[in-house]
S.K.: 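Below you will find the structure I want to go over with you.
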Number of protein chains: 2
Amino acid sequence: MLDSARDLVCQLGPRAVTVDQIAAAAGVGKQTIYRWWPSKSSVIMDALIELTDPDPADLPDSTYEAVRLQMRRVAGMFASRNGELIRELVADSQGDPALAKDFRDRFFAHRRARGAASLEKGIATGELRADLDVEDALDVLYGPLWLQLLVGHRPLSQAAADRVLDLVWPGLKNSKSRLAPKKTT
Amino acid sequence: MLDSARDLVCQLGPRAVTVDQIAAAAGVGKQTIYRWWPSKSSVIMDALIELTDPDPADLPDSTYEAVRLQMRRVAGMFASRNGELIRELVADSQGDPALAKDFRDRFFAHRRARGAASLEKGIATGELRADLDVEDALDVLYGPLWLQLLVGHRPLSQAAADRVLDLVWPGLKNSKSRLAPKKTT
DNA sequence: GTTGTCCGAGACTTTGGGTCTCGGATTCGG
DNA sequence: CCGAATCCGAGACCCAAAGTCTCGGACAAC
């Protein structure tokens with residue numbers, strides 16, 4: 001049933017798909033959908049989570065490289081069909097506090113925690129400033145990508161993510177550290 | 001007529017107000033509204049622009065202070081009733097490309113140009129890195145504020161804007177400059 | 001005074017999310 | 001093995017609000 005939702009959303013986009021279509025495709029009554037989800041947007045969110053959750057795993061040891069890879073993955077996701085889903089969900093979240101909370105708790109927080117883990121590791125190894133505020137740093141790193149996703153004033157690319165990181169890095173890194181980040185392309 | 005729209009939107013919020021209400025309050029037929037604007041969202045955008053455009057003027061000479069003041073103003077605006085308008089417009093822009101373009105061209109670009117001017121001035125005076133990419137820098141400075149506005153994972157405050165600037169500043173400033181930014185609170 | 005244009009008023013259409021109802025199938029109790 | 005209660009697909013229905021169409025009165029032009 002979620003499968004049908006996922007397929008349709010991928011095929012038509014989240015805006016174009018209707019609840020009736022999902023119900024029909026799943027061979028299920030509309031009422032049954034509303035038995036499990038409170039709104040269409042919730043269904044889409046579950047589809048998004050199922051579509052994007054398989055991720056973590058192997059990160060480089062270098063904090064710089066790890067963060068860079070994570071940012072690139074996010075930029076790639078934003079630029080893909082999933083970015084469209086995210087845009088739609090953020091849009092619907094304005095003016096639906098329950099959905100907004102759900103989005104933050106079930107999608108946003110998970111990914112943010114992964115980013116936070118990398119930064120905390122970097123603090124522990126001394127690659128990042130000891131007094132770094134992780135929350136602030138995450139906003140600074142990923143805020144630009146979200147801005148590009150939601151306002152669309154510039155194309156979203158992995159190169160853009162790299163530029164953001166390089167621009168911000170001097171404010172994050174432990175200036176006493178001798179290890180300059182080696183830039184591998 | 002725009003006055004009525006502005007008043008109603010301020011009073012009830014952009015989501016709750018209907019075109020019929022605006023028409024009634026302006027003592028005008030609905031058709032007449034659609035003679036000038038293509039959609040309800042467009043009306044709201046004009047109201048927003050009228051509500052927020054009076055701004056520029058006196059900035060401190062110090063680039064750091066100037067940018068800080070501009071960021072604080074944006075944070076203040078985001079936290080006010082106008083922030084609600086902006087959220088709504090960004091939401092409606094997803095899935096309405098014409099509105100999205102209008103939003104970028106008539107609201108976003110203007111404010112961005114002011115920020116760019118400050119940065120360019122800073123480059124010219126040597127306070128900022130000569131090779132700074134202004135577009136990238138603007139995304140990095142304001143992206144976090146937009147993220148907080150649209151996702152709502154953290155409270156939006158002027159203090160948050162200050163923290164963003166301080167975190168990012170080392171990557172923007174001309175490291176050869178002797179003038180450390182003096183932090184006035 | 002007649003004709004034409006403009007526009008307030010409000011009825012109407014449309015669209016899609018969400019609810020209600022029916023009837024058949026499946027399951028449980030005796 | 002049979003009656004009763006539950007579940008659920010199907011689809012009719014409701015509702016709100018954006019956007020369109022139509023009427024009729026007011027004013028202007030000639």
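Letters A, B, ... mirror the listed sequences (proteins, then strands); counts begin at 1. Treat the numbers as computed from the prediction; the structure is a model and nothing was measured.
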S.K.: Taking salt bridge (charged side-chain N to carboxylate O under 4.0 Å, His left out) as the test, write out the residues that go with A:Asp92, two or more places apart.
M.R.: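 None.
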S.K.: Can you name the salt bridge (charged side-chain N to carboxylate O under 4.0 Å, His left out) partners of A:Asp131, sequence neighbours left out?
M.R.: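 A:Asp131 satisfies salt bridge (charged side-chain N to carboxylate O under 4.0 Å, His left out) with A:Arg129 only.
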S.K.: Return each pair, listed once, that meets salt bridge (charged side-chain N to carboxylate O under 4.0 Å, His left out) where at least one residue sits in residues 9-27 of chain A; pairs must be two or more places apart or across chains.
M.R.: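 As it turns out, the salt bridge (charged side-chain N to carboxylate O under 4.0 Å, His left out) pairs with a partner in residues 9-27 of chain A, which skip direct neighbours, are A:Arg15-A:Glu88, A:Asp20-A:Lys30.
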S.K.: Which residues pass the salt bridge (charged side-chain N to carboxylate O under 4.0 Å, His left out) test with B:Asp136, not counting sequence neighbours?
M.R.: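 Result, salt bridge (charged side-chain N to carboxylate O under 4.0 Å, His left out) vs B:Asp136: A:Arg154, A:Arg163.
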S.K.: In whole angstrom, what separates A:Trp37's CH2 from C:dG17's C1'?
M.R.: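 In whole Å, C:dG17 C1' and A:Trp37 CH2 are 16 Å from each other.
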S.K.: Using whole Å, report how far CD1 of A:Ile22 lies from C1' of D:dG9.
M.R.: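 After rounding, the gap between these two atoms is 16 Å.
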S.K.: For nucleotides 10-27 of chain D, just jot down a letter per nucleotide in 5' to 3' order: B, S or -, based on protein non-hydrogen atoms under 4.0 Å.
M.R.: B-------SBBB------
S.K.: My understanding is that only residues two or more places apart in sequence, or in another chain, count here; which of them pass salt bridge (charged side-chain N to carboxylate O under 4.0 Å, His left out) with A:Arg106?
M.R.: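 With neighbours one apart ignored, the set is A:Asp46, A:Asp102.
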S.K.: Would you call A:Glu84 and A:Arg87 a salt bridge, taking side-chain N to carboxylate O under 4.0 Å as the test?
M.R.: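 Here A:Glu84 does not pair with A:Arg87 in a salt bridge, since their nearest N and O are not under 4.0 Å apart.
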S.K.: I need the CD1-P distance between B:Ile33 and C:dG10, as an integer number of Å.
M.R.: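 So the two atoms are 14 Å apart, to the nearest Å.
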S.K.: Can you see if the side chain of B:Thr32 gets near the phosphate of C:dC7 - specifically, an N or O under 4.0 Å from OP1 or OP2?
M.R.: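 No, no such contact exists.
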S.K.: Measure CG/A:Leu99 against C1'/C:dG17 and give the value in whole Å, please.
M.R.: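 Going from A:Leu99 (CG) to C:dG17 (C1'), I get 14 Å.
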